[in-house]
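What follows is a single structure, written as structure tokens, with notes after it.
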Amino acid sequence: MQISLTDLASHLGAELRGDGSATITGLATLKDATAGEVAFLANESYRSQLSETSAGAVIVRPEHADEVASAALITANPYLAFARATQLFDNRPRVNTGIHPTAVVADSATLGAGCRVGAHAVIGEQVILGDDCEIGAGTVIGDHSVLGRQCHLNANVTVYHDVVMGDRVRVHSGTVIGADGFGFAPDQGRWEKICQLGGVRIGNDVEIGANSCVDRGALGDTVIGDNVILDNQVQVAHNVVLGEGTAMAAQAGVAGSSVLGKHCTLAGNAGVAGHLELCDGVFVGPKSVISKSIDTPGGYATGTAQMPLNEWRKAATRFRQLDSMARRIQQLEKRTKD
Amino acid sequence: MQISLTDLASHLGAELRGDGSATITGLATLKDATAGEVAFLANESYRSQLSETSAGAVIVRPEHADEVASAALITANPYLAFARATQLFDNRPRVNTGIHPTAVVADSATLGAGCRVGAHAVIGEQVILGDDCEIGAGTVIGDHSVLGRQCHLNANVTVYHDVVMGDRVRVHSGTVIGADGFGFAPDQGRWEKICQLGGVRIGNDVEIGANSCVDRGALGDTVIGDNVILDNQVQVAHNVVLGEGTAMAAQAGVAGSSVLGKHCTLAGNAGVAGHLELCDGVFVGPKSVISKSIDTPGGYATGTAQMPLNEWRKAATRFRQLDSMARRIQQLEKRTKD
Amino acid sequence: MQISLTDLASHLGAELRGDGSATITGLATLKDATAGEVAFLANESYRSQLSETSAGAVIVRPEHADEVASAALITANPYLAFARATQLFDNRPRVNTGIHPTAVVADSATLGAGCRVGAHAVIGEQVILGDDCEIGAGTVIGDHSVLGRQCHLNANVTVYHDVVMGDRVRVHSGTVIGADGFGFAPDQGRWEKICQLGGVRIGNDVEIGANSCVDRGALGDTVIGDNVILDNQVQVAHNVVLGEGTAMAAQAGVAGSSVLGKHCTLAGNAGVAGHLELCDGVFVGPKSVISKSIDTPGGYATGTAQMPLNEWRKAATRFRQLDSMARRIQQLEKRTKD
């Protein structure tokens with residue numbers, strides 16, 4: 001990929017200050033960029049690097065344009081412009097055209113125009129793939145599942161039966177969509193399996209990272225809204241509903257039947273207990289547990305803050321005495337009142 | 001699947017109140033059920049829906065039978081009856097009869113009657129499958145592993161060598177059984193690998209969710225008791241022993257050599273440190289860490305409860321001062337005593 | 001495998017006390033070992049078993065040699081000697097010689113001498129494997145990735161494109177290396193994908209457990225140093241750097257762009273937030289979260305210690321009142337000062 005600065009500015013909707021005929025061949029950080037590369041400033045803490053960068057051009061906000069040693073690509077949202085630039089320079093190899101001869105595709109499956117299917121992939125009965133889907137090597141799609149257009153499942157993904165995806169859904173390797181929810185009825189000390197009869201419905205423009213799980217519903221479906229983004233090793237239990245634009249960072253989890261609003265964010269390894277409702281715009285801190293429903297947008301957290309181990313041990317010991325400490329304060333207050 | 005209410009009642013061992021000739025074609029929640037569907041009431045908080053449901057019948061306890069608008073299937077344990085009904089209406093597609101031509105099955109492997117093996121599955125040397133096992137597409141079973149009867153490994157499961165499973169074991173996609181335990185000896189700043197020479201033994205009627213791991217033993221086996229149920233992304237380290245009927249929810253983990261009793265429950269993302277013993281009937285709360293052995297049944301927890309982020313920051317700051325706060329209370333008590 | 005005690009002592013660099021002609025056929029714990037097996041004592045708490053063991057020989061420190069009922073293999077570091085002995089008795093079945101006929105290997109790939117490739121494995125364009133690599137069944141290696149010598153990827157591993165590994169790297173099943181980092185730019189309530197243009201670089205003598213993830217860099221690479229050991233379900237985000245000899249236990253995670261020094265240890269399910277720096281020799285406790293950079297070696301922790309559920313509920317309630325408790329202590333101090 002090669003592009004002139006003029007063309008790049010036009011593609012990004014940015015104003016160019018500098019020599020538009022210069023050729024750009026890639027992207028890099030302010031620190032590492034060379035003359036043929038474009039860098040960006042989105043985080044103020046790197047601002048001092050603007051004057052020192054060797055980048056051919058830097059994507060900046062208007063107020064920083066004067067500080068750039070090189071050419072400047074000026075835009076109100078440099079991070080967004082950077083995102084668009086990465087799409088231009090995307091270097092991901094595509095699965096070759098067509099269906100690999102070792103792929104096993106059911107006769108009853110329907111593949112849209114331009115679909116590519118990798119080696120040893122398996123596509124089940126009655127599966128429907130929209131146009132331009134890309135299915136990675138070793139990926140298995142269960143019977144009756146339906147994918148929209150331009151979906152991309154990387155290698156070794158597993159999609160069970162009766163999973164429905166919208167358009168432009170991306171799923172990374174090792175992820176499992178539609179496995180049984182964790183449902184068992186106790187029967188005199190034994191667990192009786194509750195077959196999971198529902199499915200999974202995934203909206204448009206969703207991305208799911210590697211080794212994540214979205215379980216199928218017990219009755220009715222598990223639902224992932226449009227533009228939801230899930231990182232690696234995320235767990236979405238049966239009958240969960242994730243609202244549009246909600247984001248879950250790595251190792252986060254939502255237990256069964258909980259409903260999250262739109263534009264919620266779960267930080268890394270955050271968890272939401274089952275059967276709760278979270279309104280739109282809730283942020284849950286790293287490794288925090290939500291155990292009650294939330295109807296006020298904003299941030300929520302549990303846990304304690306980082307301490308050296310020796311000090312932590314003392315505080316943890318005192319935590320076990322907290323109730324007694326509180327009572328002693330009450331007594332002291334009573335005693336000193338007189 | 002179609003069944004008359006009379007036959008369904010008989011199958012579930014429930015008493016029928018209503019028209020036994022009505023035809024049932026599926027299951028649904030009280031809220032969503034239509035005339036051809038059966039719903040159930042197991043959780044009191046949905047009780048008000050009994051009089052409004054459009055379900056053709058509802059599975060209820062005797063004391064709620066009068067509140068049901070429709071026909072009632074009366075039983076002492078509605079949740080268990082519901083579990084049995086789901087098995088009746090199970091809609092999971094089965095792997096086709098026989099061994100898929102693309103599967104690679106070692107000549108030395110022994111497959112019982114009625115076994116089905118999916119596309120691109122790989123079955124190693126000397127493997128033995130009991131009757132009626134179902135092996136999903138892309139699943140790999142290592143040399144010398146032995147499965148009992150009616151085991152079901154979904155697609156893309158990996159079983160290493162020398163893993164032994166009982167009857168009716170179900171394993172979901174992406175799960176890895178028998179990978180090396182995490183064993184290394186420090187050698188002057190370097191890690192020396194401890195080869196993991198043991199295996200894994202899994203009892204009867206066990207279910208393991210998606211993307212979980214059960215490591216092989218270092219010396220001797222990792223042992224999963226009968227009727228253990230493990231959710232997704234569960235970690236069971238080398239030489240762990242899980243007692244009969246123990247349950248681990250998603251993202252829970254048990255570190256090396258710990259022994260859990262029967263009927264223990266680990267909530268989501270709960271963890272048990274290594275080399276501990278937990279007696280029967282221990283419950284560990286969500287995201288809680290057990291770091292000492294437990295000899296008294298009951299619930300245990302760590303962590304703090306959910307707070308708005310601003311308030312949490314203040315409390316977390318105070319937690320770091322807890323030891324000093326406790327000392328100040330002592331001094332106050334001394335001072336006010338005189 | 002059979003070896004005389006004399007030869008075993010020589011192999012382990014241990015001093016033998018006892019009959020060197022005795023034949024050893026395996027390893028076991030002090031408790032379980034029989035006459036043909038060797039046991040070891042690394043942990044003082046098992047010392048009382050020395051006099052009762054039925055082992056043919058025991059690997060011990062000089063100071064314990066006299067307590068051993070059987071023959072003794074005397075060495076300064078019994079755990080290390082044990083590690084070397086496990087390698088001698090390693091019983092793992094190897095992937096058969098050569099390339100399985102069902103494997104799909106690109107014509108442009110280069111495989112070193114002695115490489116073995118399992119059934120249904122897929123090796124992409126321009127991939128280079130060093131000598132004596134072993135690629136498990138169903139494993140997929142993306143285009144342009146390069147592995148050193150004697151690497152061993154177990155079954156159903158996924159390596160994306162442009163991943164570079166050193167020599168003797170071991171990867172367990174289900175692990176995904178090189179999936180996209182979690183990068184999205186907000187755009188008026190929508191997430192815009194940031195293509196992840198970097199790669200992954202892994203050093204020599206690294207081991208990665210099952211179902212772990214190492215994401216590719218956004219710009220530049222994610223870097224795993226020599227002799228790093230990662231357990232199962234570990235998450236390493238984009239552009240993270242792990243220093244030489246660092247260890248992460250199961251379910252631990254490091255968020256984007258954080259840099260860990262050498263010989264750090266993350267206990268089970270520990271987490272490090274993004275954009276931090278940890279110096280060499282940091283230990284993070286189980287399920288603890290690091291949210292600030294660390295420049296002093298030693299242990300760090302968050303969370304609280306295990307309590308019975310009823311007591312925990314009281315303490316957790318008081319934790320929410322901590323700030324008010326601290327203020328009340330201040331007031332009491334003021335009041336009683338006069």
Exercise. What residue, out of A:Ala316, A:Gly136, A:Gly245, has the most heavy-atom pairs lying under 4.5 Å from chain C?
Worked result: A:Gly245
Exercise. Do you know which of A:Val228, A:Leu88, A:Leu230 has the most heavy-atom pairs with chain C at a distance under 4.5 angstrom?
Worked result: A:Leu230
Would you mind checking which part of [X] comes under 4.5 Å of any heavy atom in chain A, side chain (CB onward), backbone (N, CA, C, O), both or neither?
{"X": "C:Val284", "result": "neither"}
{"X": "C:Ser288", "result": "backbone"}
{"X": "C:Ala270", "result": "backbone"}
{"X": "C:Ala121", "result": "backbone"}
{"X": "C:Val122", "result": "side chain"}
{"X": "C:Val236", "result": "neither"}
{"X": "C:Ile290", "result": "both"}

Exercise. Does A:Gln87 use its side chain to pair, donor to acceptor, with the backbone of C:Glu192 at less than 3.5 Å?
Worked result: no
For this session: Please name the residue in the list C:Thr158, C:Val176, C:Thr139 that meets the side chain to side chain contact (heavy atoms under 4.5 Å, CB included) test with A:Asn156.
Result: C:Thr158
Seminar exercise, completed: Those residues of residues 210-218 of chain C that come under 4.5 Å of chain A on a heavy-atom basis, listed by number, are C:Asn211, C:Ser212, C:Cys213, C:Asp215
Problem set entry | Verdict with reasoning, A:Arg92 to C:Asp180, per salt bridge (Lys or Arg N to Asp or Glu O under 4.0 Å) | CA-CA 10 Å; A:Arg92 186 175 67 79; C:Asp180 283 356; over 6 Å; no
Exercise. Is there a donor-acceptor contact under 3.5 Å linking the side chains of A:Asn269 and C:Asn269?
Worked result: yes
Exercise. Is a side-chain donor-acceptor pair under 3.5 Å present for A:Glu333 with C:Gln331?
Worked result: no
Exercise. Listed by chain and number, what are the side-chain contact (heavy atoms from CB on, under 4.5 Å) partners of C:Asp323, not counting sequence neighbours?
Worked result: B:Lys314, B:Arg318, C:Arg327
Exercise. Can you name the side-chain contact (heavy atoms from CB on, under 4.5 Å) partners of C:Pro308, sequence neighbours left out?
Worked result: B:Tyr300, C:Glu311
Exercise. How about C:Met325 and A:Leu322: do any of their side-chain heavy atoms sit closer than 4.5 Å?
Worked result: yes
Problem set entry | With sequence neighbours excluded, residues passing ring-ring contact (aromatic ring centres under 6.0 Å, His included) with C:Phe182 | C:Phe184
